[in-house]
Amino acid sequence: MKDYNEEDYLLLSGIQHFNFCRRQWALIHIEQQWEDNVRTIEGDHLHRKADQPALREKRGDKLVVRALPVKSRELGITGICRYL
């Protein structure tokens, strides 16, 4: 299987944007025309814990990790898996 160069990796967030709305993906990743609005700022605030890979919680015998950095040379992807 092919190993991708890091500069060619796809971002998981980009794949999510593409899946949600191709126009949104193009605005963000190709045209770089993205501006925050009230909803994106609210989302950033609500998800502040989700963006901290070092934050871990113990719930009984379960360990909760909200942001797990991942990278695959084989798949050519990188990003953060989030538990919200």
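Since we're looking at a predicted model, the values are computed, not measured.
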Side-chain polar contacts of residues 16-30 - donor-acceptor pairs under 3.5 angstrom, sequence neighbours left out - could you list them?
unit_1: H17; atom_1: ND1; unit_2: S13; atom_2: O; d: 3.0
unit_1: H17; atom_1: ND1; unit_2: H29; atom_2: NE2; d: 3.1
unit_1: R23; atom_1: NH1; unit_2: E31; atom_2: OE2; d: 3.0

Quiz item: Considering all heavy atoms of both residues, which atom of L63 and which atom of R56 are nearest to each other, and what is their separation?
Solution: CD1-CB, 3.9 Å
Quiz item: When you look at CD of E7, are more than 12 heavy atoms from neighbouring residues, nucleotides or ligands closer to it than 6.0 Å?
Solution: yes
Quiz item: Does E6 have any side chain to side chain donor-acceptor pair (under 3.5 Å) partners at least two apart in sequence or in another chain, and if so, which?
Solution: K71
Quiz item: Does I41 have any side chain to side chain contact (heavy atoms under 4.5 Å, CB included) partners at least two apart in sequence or in another chain, and if so, which?
Solution: D36
Practice problem: Supply the members, apart from Y4, of the Ile/Leu/Val/Met/Phe/Trp/Tyr cluster built from side-chain contacts under 4.5 Å; use none for a lone residue. | Solution: Y9
Quiz item: Apart from L11 itself, what residues make up its hydrophobic cluster when side-chain heavy atoms of I, L, V, M, F, W and Y under 4.5 Å apart count as a link, directly or indirectly?
Solution: none
Practice problem: Sorted by first residue and then second, give each salt bridge (Lys or Arg N to Asp or Glu O under 4.0 Å) pair with at least one member in residues 8-17; sequence neighbours left out. | Solution: none
Self-check item: side chain to side chain contact (heavy atoms under 4.5 Å, CB included) involving I15 - partner list, sequence neighbours excluded
Solution: L10, L12, I77
